[in-house]
Visitor: 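The structure that follows is given in the form of structure tokens.
Since this is a predicted model, take the numbers as computed values, not measurements. Chain identifiers are assigned alphabetically (A, B, ...) following the order of the sequence lines, protein sequences preceding nucleic acid strands; residue numbering begins at 1 within each chain.
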Number of protein chains: 2
Amino acid sequence: MSPTIDYDAPTPPYQQIAAEVIRDIKAGVLAVDRPIPSESALIQRWGVARDTARRAVRHLRELGYVYTVPQRGTYVAERGEDERQAD
Amino acid sequence: MSPTIDYDAPTPPYQQIAAEVIRDIKAGVLAVDRPIPSESALIQRWGVARDTARRAVRHLRELGYVYTVPQRGTYVAERGEDERQAD
DNA sequence: TAAGATTTGTGCGTATGTATT
DNA sequence: TAATACATACGCACAAATCTT
């Protein structure tokens, strides 16, 4: 069973969704420059509204984990967490 | 007459709204650490939806012109345009 | 060339929760 | 007790660009 949204958790749904994507990125399930699940995929996977899915993606973008190409998709960025320190 | 939204313009409504706020900041109409117009004020001023007003404020925040205090409001930041260069 | 599917961008309406005044 | 304001979330619609068939 893959996790579902916990509406009683202190962290909002969009952050729970983003957290799983981050786990997948760190685990290598989602490779650099490969697309992350689309908005509609996230909507189906988690059963949330588009607003929530978009918020999750925006959150990932703000954290530096992904970048979005308009009308194309959102892809895994080279680094995450706002370009942390060097290697 | 204050400007209204031009839906035929190449720039989206939220950027047109943000542009006016930036003009007011640069003109000194809105002073540092003073609140910018609230969401509902922008909604009434421009006749747009909440999402659009929010988008405008988020845009201003990303540009560094304002900062938001959760549950309080959004205020004019010291500098704009992502802390440009020194004076 | 054309049609259709996919994906993101933008906009509107509404509701709930929380914090401040 | 309101009124105000923001954050989050749900719904819906259409447009634009891209990709596939």
Visitor: Could you state the OH-C1' distance from B/Y75 to D/dC6, rounded to the nearest angstrom?
Guide: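 Going from OH in B/Y75 over to C1' in D/dC6 covers 11 Å.
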Visitor: Atom OH of A/Y7 to atom C1' of C/dA15: distance rounded to whole Å?
Guide: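 Going from A/Y7 (OH) to C/dA15 (C1'), I get 14 Å.
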Visitor: Identify, with sequence neighbours excluded, every residue that meets side chain to side chain contact (heavy atoms under 4.5 Å, CB included) alongside B/A41.
Guide: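 Counting only residues at least two positions away or on another chain, B/A41 forms a side chain to side chain contact (heavy atoms under 4.5 Å, CB included) with B/P37, B/S38.
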Visitor: When rounded to the nearest 0.5 angstrom, what distance separates CD1 in B/I36 from CG in B/L30?
Guide: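 Going from the CD1 atom of B/I36 to the CG atom of B/L30 covers 7.5 Å.
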Visitor: Just to be sure I understand the rule, does B/V48 reach a base, reach only the sugar-phosphate, or reach nothing, if contact means heavy atoms closer than 4.0 Å?
Guide: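 Counting heavy atoms under 4.0 Å across all strands, the contact made by B/V48 is with sugar-phosphate only.
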Visitor: Does a sphere of radius 6.0 Å around CD in A/Q15 hold more than 12 heavy atoms from other residues, nucleotides or ligands, not counting ones at 6.0 Å or beyond?
Guide: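 Counting other residues, nucleotides and ligands, CD of A/Q15 exceeds 12 neighbours.
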Visitor: Going from OH on B/Y65 to CD on B/E78, what distance comes out if it is rounded to the nearest 0.5 angstrom?
Guide: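 Taking OH in B/Y65 and CD in B/E78, the distance rounds to 14.5 Å.
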Visitor: Return the value, rounded to whole Å, for the distance between atom CZ of B/R58 and atom C1' of D/dC6.
Guide: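 Nearest whole value for this atom pair: 14 Å.
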Visitor: Nearest whole angstrom, please: distance from the C1' of C/dT10 to the CD of B/Q15.
Guide: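 About 11 Å, once rounded to whole Å.
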Visitor: Counting N and O atoms only, with roles assigned by atom type, does the side chain of B/Q16 sit under 3.5 Å from a partner on the main chain of B/D6, one being a donor and the other an acceptor?
Guide: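 Yes, the answer is positive, given that a donor and an acceptor are paired below the 3.5 Å cut-off.
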Visitor: Walk along nucleotides 3-9 of chain C from 5' to 3' and tag each nucleotide B, S or - by protein heavy-atom contact under 4.0 Å, base first, then sugar-phosphate.
Guide: ----BBB
Visitor: Return the value, rounded to whole Å, for the distance between atom CD1 of B/I5 and atom P of C/dT10.
Guide: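 Value for this atom pair: 14 Å.
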Visitor: Checking side chain to side chain donor-acceptor pair (under 3.5 Å) for the pair A/T68/A/R61: CA distance, chi angles, key distance, verdict?
Guide: CA-CA 8 Å; A/T68 295; A/R61 200 161 42 228; 2.7 Å; yes
